[in-house]
There are 2 protein chains.
Amino acid sequence: MTIQPLIDHFESYLPFDENEKELLQGRVTHRSVKRRYFILQEGFTCKHYTFVVEGCFRMFAVDTKGNEHNIKFTIENDWISDIGSFHSDKPSKLYIEAIEPAVILQIEQQDLYFLYTHIPKLNQILRVIVEDKYVELQNRVLQNISSTALERYLAFQEQYPTLSRRLPNTQIASYLGITPEFLSKLRKDIASS
Amino acid sequence: MTIQPLIDHFESYLPFDENEKELLQGRVTHRSVKRRYFILQEGFTCKHYTFVVEGCFRMFAVDTKGNEHNIKFTIENDWISDIGSFHSDKPSKLYIEAIEPAVILQIEQQDLYFLYTHIPKLNQILRVIVEDKYVELQNRVLQNISSTALERYLAFQEQYPTLSRRLPNTQIASYLGITPEFLSKLRKDIASS
DNA sequence: CGTATTTCTTAAGATAGTTCATTGGTCGTA
DNA sequence: TACGACCAATGAACTATCTTAAGAAATACG
């Protein structure tokens with residue numbers, strides 16, 4: 001029932017005083033969600049920045065043929081949110097689903113804006129966080145345009161060993177942009193080499 | 001010789017007072033670069049945030065086979081920089097090259113940190129800018145994992161009509177993650193349909 | 001203006017990745 | 001215990017994309 005994990009997260013960037021922690025306390029909601037629960041669905045506006053304390057989420061889009069494509073996974077001590085929908089206040093085209101039972105801390109739009117105003121350094125912290133995530137994404141784009149599926153799979157295993165063990169292969173295939181069948185073949189090739 | 005385009009850019013987010021503009025003036029460098037000039041090369045640390053006033057740049061990586069892969073293009077009124085290298089102060093793995101004669105405004109590391117300290121709202125502005133760019137990149141990742149080369153090419157033309165006319169197809173192919181030959185085939189298919 | 005260089009196109013054969021149908025294993029739950 | 005849901009694996013046929021090589025067209029530059 002504590003927001004301590006979030007405070008720890010912020011304080012790994014800049015220290016907070018007691019007043020700031022209290023402000024935060026009043027604007028953060030604690031929640032548990034079951035496996036398969038959606039904290040965001042297509043057509044709805046993304047109302048929260050969600051900080052994952054425990055568990056695992058995937059963000060995905062559904063194409064015109066009904067196929068799901070995993071855009072990202074989020075585990076403990078990281079953020080997940082459709083930033084575009086959140087800031088524009090427009091309906092999202094994405095889904096965010098718990099793929100393990102999870103514990104989360106959520107901040108609503110107006111609360112986040114309140115916090116930005118009353119804890120200015122939050123702007124700096126979030127700027128740094130988003131910059132880091134931008135770099136991560138840019139590396140993923142580079143992978144996507146420059147590597148084969150096999151290379152991408154090996155890189156994924158190396159970069160996210162935990163996820164790679166925690167997730168069903170079908171979810172990983174979707175993240176890599178290949179079919180589960182082809183991933184299965186790649187795994188076979190790797191094993192017999 | 002003026003930094004006005006940069007001020008206009010910032011003020012499209014939040015207004016600046018005279019003092020803030022002067023601070024900025026003192027920390028921004030104006031530069032012209034020729035076509036083919038590299039403002040960043042692999043092995044060197046990225047020392048600047050670069051704001052493009054005129055012209056066009058590409059950021060690319062070179063793989064182990066010597067092939068170049070375009071990560072992004074930047075035209076007027078936008079930023080380009082290897083954020084990862086810039087903040088970590090480590091050698092970059094990327095190149096940034098002018099593909100048209102260009103005019104740029106640059107801010108060095110210590111100057112940017114100075115400005116963040118003395119113009120706190122810059123944190124907010126840059127946070128918002130990077131968030132927007134993050135969303136853009138995320139959409140590109142989704143494209144990459146969910147669409148065929150043809151779909152990606154059509155989407156590129158639609159999203160960046162200007163770039164699409166300004167750039168040689170070989171550069172576009174590299175950005176899409178396909179060979180120039182295959183792009184040529186796609187163009188033929190489109191034309192004859 | 002002419003020449004060098006870059007860019008675009010074409011096509012054939014090779015490789016990477018998909019689709020579809022099927023099978024067997026594992027796990028939660030009635 | 002059995003059932004259904006989900007997941008992993010497989011093979012064959014199909015499609016997308018790459019590789020290589022060559023010539024044609026466009027553009028840069030002296």
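A, B, ... follow the sequence lines: proteins, then strands. Residue 1 opens every chain.
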* Has R140(B) got its NZ or CZ under 6.0 Å from the middle of the six-membered ring of Y175(B), at an angle within 45 degrees of the ring axis? -> yes

* Measure the distance from CD1 on I172(B) to P on dT7(C) and round it to the nearest whole Å. => 12 Å

* Structure fact -> D189(B) atom CG is separated from dT17(D) atom C1', nearest whole Å, by 12 Å

* For the residue pair K90(B) and S85(B), what are the closest heavy atoms and their distance? -> O-OG, 2.6 Å

* To do: For T170(A), answer base if it contacts any base atom (sugar-phosphate contacts may also be present), sugar-phosphate if it contacts only those atoms, and nothing otherwise; contact means non-hydrogen atoms under 4.0 Å.
  => sugar-phosphate

* To do: Could you state the atom-to-atom distance from CD of E68(B) to C1' of dT6(C) in whole Å?
  => 13 Å

* Asked: Going by an N to O cut-off under 4.0 Å, is there a salt bridge joining E68(A) and R58(A)?
  -> yes

* **Heavy-atom neighbours of R166(B) CZ exceed 12 at 6.0 Å** => yes

* Taking the side chain of I178(A) as heavy atoms from C-beta outward, which of dT17(D), dT20(D), dT18(C) is closest to it? -> dT18(C)

* Kindly point out which of dC7(D), dG17(C), dA11(C) is positioned nearest to the side chain of R36(A)? => dC7(D)

* Spacing between I145(A) atom CD1 and dT17(D) atom P, to the nearest angstrom -> 15 Å

* Structure fact -> Closest of dT18(C), dC8(C), dA21(C) to the E181(A) side chain is dA21(C)

* Asked: Would you say dT7(C) has OP1 or OP2 under 4.0 Å from some side-chain N or O of N169(B)?
  -> no

* Protein-nucleotide distance (R35(A), atom CZ; dA5(D), atom C1'), rounded to Å -> 11 Å

* Asked: Under 4.0 Å between a side-chain N or O of T179(B) and OP1 or OP2 of dC18(D)?
  -> yes

* Asked: Of the nucleotides dT18(C), dT17(D), dC8(C), which has the atom closest to the F182(A) side chain?
  -> dT18(C)

* To do: Count the heavy atoms belonging to other residues, nucleotides or ligands that lie under 6.0 Å from OH of Y13(B), then report whether that count exceeds 12.
  => yes

* For K185(A), which contact category applies under a 4.0 Å heavy-atom criterion: base, sugar-phosphate, or nothing? -> nothing

* Asked: Does a side-chain N or O from R187(B) land closer than 4.0 Å to OP1 or OP2 of dT9(C), or not?
  -> yes

* Under 4.0 Å between a side-chain N or O of K188(A) and OP1 or OP2 of dA8(D)? -> no

* Structure fact -> R152(B) atom CZ is separated from dA16(D) atom P, nearest whole Å, by 13 Å

